[in-house]
Each structure stands twice: as structure tokens, then as C-alpha cells.
Chemist: 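The structure follows.
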Amino acid sequence: MILDLFRLDGKVAVITGAGRGIGAASAVALAECGADVVIASRTQGDLDAVAARVAAAGRRTVTVAGDLADLDVLRSLAAAARSEFGRLDIVVNNVGGAIPLPFLDTTPEYLEEAFHFNVTTAHALNLVAVPMMLEQGGGAIINVSSVMGRVAGRGYAAYGAVKAALTHYTELIAKDLAPRIRVNAIAAGSTATSALEIVTSTPELKSMMEDLTPLHRIADPEEIAAGVVYLASAAGAFMTGKVLEIDGGTDIPSLDFDLPDL
């Protein structure tokens, strides 16, 4: 049956930024399809809540609480997968983000920090994960990027630039790792995560985001997670180096900061 292609029985996945939002939804979705998971975020309580949902799906979890800007913490995730499960098949580089700022407030230091948090962290985890994947004959890497990596708007210099970098990084390393490891990205549109709570809790801003999205709503994290399952599973076995756009049809920023001319 076609649904069998989405099964991940016996597979092991590492998901970063998995305490809430897209990362948490992805961990639970992968578990519901049969995978055991290593999940990481800053807050242990959030991880415990996700682990309980994974257990309810009948799968096992290893939790790692720490600052995911610390590359040593990132590298430890592959070691945790090996120690607990003896293998690693799937990596979901979900951690990232950067607060939009006016151009003159976007310092070089802030841009470097954003690049580190969105791109360098993914590369650090991939470097230690790939040898483990090759031991199993292959695997799948999914980098969670953003629609802002391909559309332009005022205030997004840092966020848009680093998400564009993550997207092109995906395309580049897909060439390096083919044919045994597939690498794809998801360009997510506005999604109802904790990072957007300050927006979604403000009726005017929430209405703006909905109005500027052709489907006139904000995505649920589970809708992005469904894309993660597709790219991680045999259902997406003939995809690599591609960007899956799950963005409600967005072709302009869904949040306009109305920044004035300089």
C-alpha cells in the first residue's frame, strides 16, 4: 500500500529544536511512523512533554537539554543516538531563527550570530551524523528553512540571508552526499509556534499574516511535520537537493514591519 512508503520502522532520528513547535511536531510524527528519536532543546520540561507523546506512540526517546548554539552539544546528539539505539538514519535540523531588525540595527555581530545558529549548527550535526548514516547504507537530512529565504522584505536582512544560505547549503551538500544520503529542505511559511506567539496573540498582526498568505491562515506545526515525514521516508526516496515549500502560497513576507525609508 502507498501508506507503507511513509513507515519508518526501525529507523532513528535526531531532531533539534524539538521542545516545541515544528521540532516537537516532527519528533512525534516520525515516532508515529515508527522511528525512535533523539530530541534536543534548551528546556528539559519541554522535552519531557514531547517524550511522553513519543512514548504514547510506542517509540523510545533520548532527550538532550542544552544550548544548541554550542557545537559540542550538537555533536553529542549523534553520540547519543549511537549509545542508545546503535544507529542514525534521519537528521532534522530545525533549530534556528533570528529576530527581524531594521537595517541600521543589524550589526555584523548579529548577522554572524544568526548564521551560526541557523547554518553552522546544521553543518556541525551533519558532519558527525553522516558517517553513522553511511554505516547503515544511507539516510536522510532535512533542513528546516523559511519562505524568507526566497522572498524579500524590509527588516529581514539577517533572517532572510541566513535562511537563503541554509537553503543553498542544502542544495550543495546534496551533491556531496548523493547517492547514499538524501538532503532536502523545507521552506516553511508562517507557522503557529511559540516564536510567533507575540504576533499571533495580537489580533491586528495575526490578521495581517493571514491576509498576506494566499490560503488566509497560519500553518499548524503538524503540517510542516508531514513534510518532514515525506522527505525522511521512502515516499520521498527520489528527492534530493530540493526545497519543499510549505508556505500557504506565500510570495511576499506575511508580516510587514512598515519600516520607513532611510
Chemist: Checking T107 side chain against Y110 main chain: does a donor-acceptor pair fall under 3.5 Å?
Modeler: yes
Chemist: Within the distance-only criterion (no hydrogens, no angle test), does the side chain of T43 pair as donor or acceptor with the backbone N or O of G45 below 3.5 angstrom?
Modeler: no
Chemist: For N126, run the side-chain contact (heavy atoms from CB on, under 4.5 Å) check against V183, N143, L74 and tell me which one passes.
Modeler: N143
Chemist: Answer yes or no: are there more than 12 heavy-atom neighbours, outside L134 itself, under 6.0 Å from its atom CG?
Modeler: yes
Chemist: Rounded at 0.5 Å granularity, tell me how far CG in N94 sits from OG in S26.
Modeler: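 Here the interatomic distance stands at 6.0 Å.
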Chemist: Can you tell me how far the CD atom of E210 sits from the OG atom of S190, to the nearest 0.5 Å?
Modeler: 10.0 Å
Chemist: Would a hydrophobic clustering, with Ile, Leu, Val, Met, Phe, Trp and Tyr connected at side-chain separations under 4.5 Å, put L259 with I252?
Modeler: yes
Chemist: Are T121 and N93 side-chain neighbours, meaning at least one heavy-atom pair lies under 4.5 Å?
Modeler: no
Chemist: Return the minimal non-hydrogen interatomic distance between K163 and N118, and the atom names on each side.
Modeler: NZ-OD1, 3.0 Å
Chemist: What are the two closest heavy atoms between G17 and L68, and how far apart are they?
Modeler: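 Shortest heavy-atom separation between G17 and L68 comes out as N-CD1, 3.4 Å.
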Chemist: Does a side-chain heavy-atom distance below 4.5 Å link V92 with L30?
Modeler: yes
Chemist: Any Lys/Arg nitrogen of R75 or D72 sitting under 4.0 Å from an Asp/Glu carboxylate oxygen of the other?
Modeler: yes
Chemist: What I'd like to find out is whether the side chain of V14 reaches to under 4.5 Å of the side chain of L88, using heavy atoms alone.
Modeler: yes
Chemist: Just by modelled atom types, is the M148 backbone N or O under 3.5 Å from a matching donor or acceptor in the S146 side chain?
Modeler: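 Looks like yes, one N/O pair under 3.5 Å.
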Chemist: Evaluate the side-chain contact (heavy atoms from CB on, under 4.5 Å) criterion for residues V91 and I142: first the C-alpha distance (whole Å), next the side-chain angles of each, then the deciding distance (0.1 Å), finally the verdict.
Modeler: CA-CA 6 Å; V91 168; I142 300 101; over 6 Å; no
Chemist: Mind checking whether I246 and I15 sit in one hydrophobic cluster, side chains of I, L, V, M, F, W, Y counted as touching below 4.5 Å?
Modeler: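 The answer is yes; both residues are in one hydrophobic cluster.
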Chemist: Are M239 and Y230 close enough that some pair of their side-chain heavy atoms sits under 4.5 Å apart?
Modeler: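 Yes, side chains in contact.
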Chemist: I181 and side-chain contact (heavy atoms from CB on, under 4.5 Å): which partner among I173, I141, T240?
Modeler: I141
Chemist: Apply the test side-chain contact (heavy atoms from CB on, under 4.5 Å) to residues T63 and Q44: give CA-CA distance (whole Å), side-chain angles for both, the deciding distance (0.1 Å), then the verdict.
Modeler: CA-CA 8 Å; T63 65; Q44 186 64 52; 3.1 Å; yes
Chemist: Start with the C-alpha gap between M1 and D4, add the side-chain angles, then the distance that decides, and say whether side-chain contact (heavy atoms from CB on, under 4.5 Å) holds.
Modeler: CA-CA 6 Å; M1 293 180 62; D4 292 338; 4.0 Å; yes
Chemist: At what distance, to the nearest 0.5 angstrom, does CG of L212 lie from OG of S207?
Modeler: 9.0 Å
Chemist: Please confirm whether the backbone N or O of K11 pairs with a side-chain atom of D89, one donor and one acceptor, at under 3.5 Å?
Modeler: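 Checking the backbone N and O of K11 against the side chain of D89, no donor-acceptor pair under 3.5 Å is found.
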Chemist: Dump the intermediate steps for side-chain contact (heavy atoms from CB on, under 4.5 Å) on I218 and K206, then the final yes or no.
Modeler: CA-CA 9 Å; I218 298 170; K206 183 173 184 290; 4.2 Å; yes
Chemist: Please check if the side chain of T250 supplies one atom and the backbone of D247 the other of a donor-acceptor pair under 3.5 Å.
Modeler: yes
Chemist: Indicate the atoms forming the closest heavy-atom contact of L47 with I39, along with that distance.
Modeler: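 L47 and I39 have their closest heavy atoms at O-CD1, 3.7 Å.
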Chemist: For V229 and C33, which heavy atoms make the closest approach, and how far apart are they?
Modeler: CG1-SG, 3.7 Å
Chemist: Would V73 end up clustered with V50 when hydrophobic side chains under 4.5 Å apart are linked, directly or stepwise?
Modeler: no
Chemist: Would you indicate whether F257, at its atom CZ, is surrounded by more than 12 heavy atoms from other residues, nucleotides or ligands within a distance under 6.0 Å?
Modeler: yes
Chemist: Do you know the tightest heavy-atom contact between T170 and K242?
Modeler: CG2-O, 4.3 Å
Chemist: Heavy-atom distance under 4.5 Å between the side chains of R87 and M132, does that happen here?
Modeler: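 Contact flag for R87/M132 side chains = no.
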Chemist: Hydrogens and angles aside, do E113 and H116 bring a side-chain donor and acceptor to less than 3.5 Å of each other?
Modeler: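 The answer is no; no qualifying pair exists.
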Chemist: In terms of hydrophobic clustering (I, L, V, M, F, W, Y; side-chain heavy atoms under 4.5 Å; direct or indirect links), are L8 and M133 co-clustered?
Modeler: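 Shared cluster, no.
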Chemist: Is there a donor-acceptor pair closer than 3.5 Å between any side-chain N or O of D220 and the backbone N or O of E222?
Modeler: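 Such a contact is absent between D220 side chain and E222 backbone.
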Chemist: Yes or no on salt bridge (charged side-chain N to carboxylate O under 4.0 Å, His left out) for D48 and R53, after CA distance, side-chain angles and deciding distance?
Modeler: CA-CA 9 Å; D48 290 342; R53 295 172 64 192; over 6 Å; no
Chemist: Strictly distance-based, threshold 3.5 Å: is any side-chain N or O of Y169 a donor or acceptor partner for the main-chain N or O of T120?
Modeler: no
Chemist: State, yes or no, whether a side-chain contact exists between T191 and I22 at a heavy-atom distance under 4.5 Å.
Modeler: yes
Chemist: Taking NZ, NE, NH1 and NH2 as the nitrogens, is one of them in R7 or E32 under 4.0 Å from a carboxylate oxygen of the other?
Modeler: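 No.
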Chemist: Indicate the atoms forming the closest heavy-atom contact of V128 with A78, along with that distance.
Modeler: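 So the two residues come closest at CG2-CB, 3.8 Å.
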Chemist: Within a strict 4.5 Å, meaning less than it, do heavy atoms of the T167 and R150 side chains meet?
Modeler: no
Chemist: Counting C-beta onward and ignoring hydrogens, is there a side-chain heavy-atom pair between L166 and F115 closer than 4.5 Å?
Modeler: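 A side-chain contact under 4.5 Å is absent here.
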Chemist: Quick one: pull up CG in N184 and CD in E171 and give me the separation to the nearest 0.5 Å.
Modeler: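 Between N184 CG and E171 CD, I get 10.0 Å after rounding to 0.5 Å.
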Chemist: Hydrophobic clusters here meaning ILVMFWY residues chained together by side-chain heavy-atom distances under 4.5 Å, can you tell me if V243 and L177 are in one?
Modeler: no
Chemist: Would you say R182 has more than 12 foreign heavy atoms packed within less than 6.0 Å of its CZ?
Modeler: yes
Chemist: Look up atom CE in M209 and atom CG in L255, then write down how far apart they are to the nearest 0.5 Å.
Modeler: 5.5 Å
